[in-house]
Protein chains: 2
Amino acid sequence: MFVKFTKNQQNILEFLKQLKGEITAQDLHMNLKEKDFKIGLATVYRTLKYLHLQGIIQERITPNGESLYELIKDSHHHHLNCVNCGRSSLLKEDFCPINKQLTNWCASQNFKLYYHTLEFFGLCEHCQNEVNKANLSN
Amino acid sequence: MFVKFTKNQQNILEFLKQLKGEITAQDLHMNLKEKDFKIGLATVYRTLKYLHLQGIIQERITPNGESLYELIKDSHHHHLNCVNCGRSSLLKEDFCPINKQLTNWCASQNFKLYYHTLEFFGLCEHCQNEVNKANLSN
DNA sequence: ATAAGTGCAAAGTCTTTGCAGATGT
DNA sequence: ACATCTGCAAAGACTTTGCACTTAT
């Protein structure tokens with residue numbers, strides 16, 4: 001996978017394997033530093049980009065513009081994303097409308113499918129009132 | 001919808017109505033300037049944010065990190081996104097796996113659903129060879 | 001008259017890049 | 001030995017914000 005397999009790469013991959021859920025590049029960097037691994041933020045970004053390119057991890061960008069990464073697994077989640085507060089809540093695990101027919105269709109396009117994201121956007125319960133008060137001076 | 005309905009707001013909304021497809025904030029700004037509308041980039045960003053908050057337009061963030069906006073319509077597209085070159089290609093128009101059952105489920109969560117995005121990530125035909133040569137020095 | 005909207009420039013945030021030095025095979 | 005990988009600091013890109021001025025109602 002990697003051309004060399006350095007300590008940094010091992011540490012990142014190991015961390016992602018242990019991780020339940022998603023993490024930002026910056027949080028991942030902090031976590032590794034806290035474990036006394038010496039690693040630069042740029043290396044974290046470079047490694048995540050490479051892992052993404054290789055189809056090992058997936059990326060999801062939140063309404064706040066944060067990139068979240070996690071290993072690609074068989075089981076995955078989709079989210080309800082509030083366009084006001086930016087919070088995401090998980091959809092029940094077994095919900096996923098992607099069927100084999102579609103997967104096959106991607107293959108027929110010579111597109112090598114790594115993963116998909118399905119995200120719902122709107123207002124969470126709390127924000128529905130807030131938004132009525134919004135204007136362009138906010 | 002807007003508290004006031006200024007020339008800027010009218011111009012942006014009119015432009016989005018004419019537009020087929022998606023556009024970035026910066027391109028939208030350029031287009032309006034070319035039509036000799038005097039408007040600041042910040043105003044474009046503020047207006048798009050407000051329209052998004054109100055559920056008038058939707059946002060999609062590409063693998064390159066660009067935010068693309070368009071009016072929410074009944075018909076919509078999903079995309080195949082190449083994680084290498086970042087190009088997106090449209091899925092056939094009639095494909096959408098989201099059913100009424102799911103829509104109802106969102107409602108039952110007191111989540112006010114505006115729109116959804118469903119995106120597929122992987123390698124386009126052209127990039128499948130390229131990626132084999134990739135390493136962390138790139 | 002007043003709150004809402006605006007333009008500009010500055011600031012903020014996340015991410016990428018150039019380069020010299022370190023590392024794995 | 002050599003290309004790959006790394007850290008650091010600088011650069012880059014996009015977006016947001018503060019503030020004084022303008023505009024719509």
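Residue numbers start from 1 in every chain, and the chains themselves are labelled A, B, ... in the order their sequence lines are given, proteins ahead of strands.
Taking the side chain as every heavy atom from C-beta outward, B:C96 and B:L118 never approach each other to under 4.5 Å.
At a cut-off of 3.5 angstrom, counting only N and O atoms as typed in the model, there is a donor on one side and an acceptor on the other between the side-chain of A:K4 and the base of C:dT23. Between the side chain of B:T6 and the base of C:dG5, no donor-acceptor pair of N or O atoms lies under 3.5 Å.
In this structure, A:D27 atom CG and C:dT13 atom P are separated by 14 Å, rounded to whole Å. Going from atom CG of B:L48 over to atom C1' of C:dG5 covers 15 Å, rounded to whole Å. Computed from coordinates, the A:L41 CG to C:dG18 C1' distance equals 16 Å when rounded to whole Å. Whole-Å rounding puts the A:Y45 OH to C:dT15 C1' distance at 5 Å. When rounded to the nearest whole Å, the span between CG of A:L68 and P of C:dT15 equals 10 Å. A straight line from NZ of A:K7 to C1' of D:dT6 spans 16 Å, rounded to a whole angstrom. Atom pair A:Q26:CD and C:dT16:C1' shows a separation of 13 Å (rounding to whole Å applied). Computed from coordinates, the A:L136 CG to D:dA24 P distance equals 14 Å when rounded to whole Å.
Along DNA chain D, the nucleotide closest to B:A25 and the one closest to B:A134 are compared, and the more 5′ of them pairs with B:A134. Between B:A42 and B:S137, the residue anchored closer to the 5' end of DNA chain D is B:S137, taking for each the nucleotide with the nearest heavy atom.
For the residue pair B:T43 / B:N8, no side-chain donor-acceptor distance below 3.5 Å is found, with atom types taken as modelled. For the 3.5 Å distance criterion, the side chains of A:S67 and A:E59 qualify, holding a donor opposite an acceptor.
Nearest to the side-chain atoms of B:R46 among the listed nucleotides C:dT6, C:dT15, D:dG7 stands C:dT6. Residue A:N135 has its side chain nearest to C:dG5 when only D:dT15, C:dG5, D:dC8 are considered. Of the candidates D:dC5, C:dG7, D:dG7, D:dC5 carries the atom nearest the A:Q9 side chain, counting heavy atoms from C-beta on. Minimum atom distance to the side chain of A:T43 is reached by D:dT6, of the listed D:dT6, C:dT16, C:dT15.
At C:dG5, none of the side-chain N or O atoms of B:T47 fall inside 4.0 Å of OP1 or OP2 (strictly under the cut-off). The phosphate of D:dT23 (OP1 or OP2) has no side-chain N or O of B:N8 nearer than 4.0 angstrom.
Relative orientation of the A:F120 and B:H116 rings is tilted, given thresholds of 30° and 60° on the angle between their planes. Taking the six-membered ring where tryptophan is involved, the planes of B:H76 and B:H78 are perpendicular, since the angle between them exceeds 60° and thus also 30°.
Residue contacts shown for B:T24 are absent, as no nucleic acid heavy atom lies under 4.0 Å away. Nucleic acid contact class of A:E66 (heavy atoms, under 4.0 Å, all strands): none.
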